[in-house]
Amino acid sequence: HRRRPSTTNPYPRSGMLLIPSRASSPRMMAAPDLRLPDSEWRARLSAREYEVLRREGTEPAWSHEFNALEEEGVFTCAACATPLFRSQEKFDSGSGWPSFWAPAGDDAVITSVDFKLGLPRTEVRCAACD
C-alpha cells in the first residue's frame with residue numbers, strides 16, 4: 001500500500017466493487033442519476049450492502065476485502081456501478097477501511113459529516129444513487 005500520511009479527508013468507503021484496469025466492461029460507464037424507492041433497493045442489494053449503502057451502516061474496521069487490495073482498477077458503486085475511485089488514489093490510512101485521497105471525478109461522490117460516534121466522521125456516498 002502507498003501511505004499518504006498527511007490528509008484530513010481520506011475518503012474511507014465500503015459498498016464498492018473493483019473493475020480491474022484490464023477489464024473492458026460497460027460497468028465502467030457512469031450510471032444515470034438513479035433514485036429508487038426503498039423497496040427496490042432492498043430487492044437489489046444484499047442485507048449487508050443495504051445496511052451500508054442505504055442506512056448509513058459501517059462495516060467493522062479491517063473487515064473489507066478492498067482494504068489490502070493492491071490490484072489496479074476502478075472502484076465502482078456496488079449499487080449502480082458508477083466509478084467512484086481509482087486505485088492510483090488509494091492509500092493506507094491505517095483506519096481499517098479502504099481510503100482514497102481523491103474521487104474518480106469531481107461529481108462522483110458526495111460527503112456528509114455526522115457525529116454519531118461522538119467525533120466528526122465524513123461519510124462518502126455515491127452521487128448517482130444516494
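One is the number of the first residue; the rest follow in order along the sequence.
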Peer 1: Of all the heavy-atom pairs spanning R35 and C129, show the shortest one and how long it is.
Peer 2: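 Closest pair (atom of R35, atom of C129, distance): NH1-C, 4.0 Å.
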Peer 1: Can you give me the closest heavy-atom contact between A128 and C80, atom names plus distance?
Peer 2: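 Closest approach of A128 to C80: CB-SG, 4.1 Å.
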Peer 1: Taking E40 for the side chain and P37 for the main chain, is one N or O donor matched with an acceptor at less than 3.5 Å?
Peer 2: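 No; judged by distance alone, with no hydrogens or angles, the pair does not exist.
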Peer 1: Could you check whether any side-chain N or O of R86 sits under 3.5 Å from a backbone N or O of A104, counting only pairs where one atom can act as donor and the other as acceptor?
Peer 2: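 Yes, the answer is positive, given that a donor and an acceptor are paired below the 3.5 Å cut-off.
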Peer 1: Could you check if a side-chain atom of R125 sits within less than 4.5 angstrom of a side-chain atom of E56, using non-hydrogen atoms only?
Peer 2: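 When only atoms from C-beta onward are counted, E56 and R125 do touch, with a gap below 4.5 Å.
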Peer 1: With respect to S87, which candidate in E72, E70, E71 satisfies the side-chain hydrogen bond (donor to acceptor under 3.5 Å, both in side chains) definition?
Peer 2: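 Checked E72, E70, E71 against S87; only one passes side-chain hydrogen bond (donor to acceptor under 3.5 Å, both in side chains): E72.
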Peer 1: Could you pull out the closest heavy-atom pair between L69 and K90, with the gap in Å?
Peer 2: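 Heavy-atom minimum between the residues: O-NZ, 3.2 Å.
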Peer 1: Which pair of non-hydrogen atoms, one from I110 and one from A127, has the smallest distance, and what is that distance?
Peer 2: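 Between these two residues, the closest heavy atoms are CG2-CB, 3.9 Å.
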Peer 1: Measure up the F85 and F100 rings against each other and bin them: parallel (under 30°), tilted (30 to 60°), perpendicular (over 60°).
Peer 2: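 If you compare the ring of F85 with that of F100, the planes turn out parallel.
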Peer 1: Any side-chain heavy atom of R54 sitting closer than 4.5 Å to one from R42?
Peer 2: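 Heavy-atom side-chain distance check fails, nothing below 4.5 Å.
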Peer 1: Restricting to non-hydrogen atoms, name the atom on C126 and the atom on T82 that form the minimum distance, rounded to 0.1 Å.
Peer 2: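 Nearest heavy atoms, C126 then T82: SG-CB, 4.0 Å.
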Peer 1: Check this for me: does any side-chain nitrogen of one of E59 and R48 sit under 4.0 Å from a carboxylate oxygen of the other?
Peer 2: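 A salt bridge links E59 with R48.
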Peer 1: Quick one: CH2 on W41 to CZ on R55, what's the gap to the nearest 0.5 Å?
Peer 2: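 So the CH2 of W41 and the CZ of R55 are separated by 14.5 Å.
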Peer 1: Of all heavy-atom pairs between V113 and P120, which one has the smallest distance, and what is that distance?
Peer 2: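 Heavy atoms of V113 and P120 come nearest at CG1-CB, 4.0 Å.
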Peer 1: If you count heavy atoms of other groups shown closer than 6.0 angstrom to CG of D38, is the number above 12?
Peer 2: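 Correct, the count exceeds 12.
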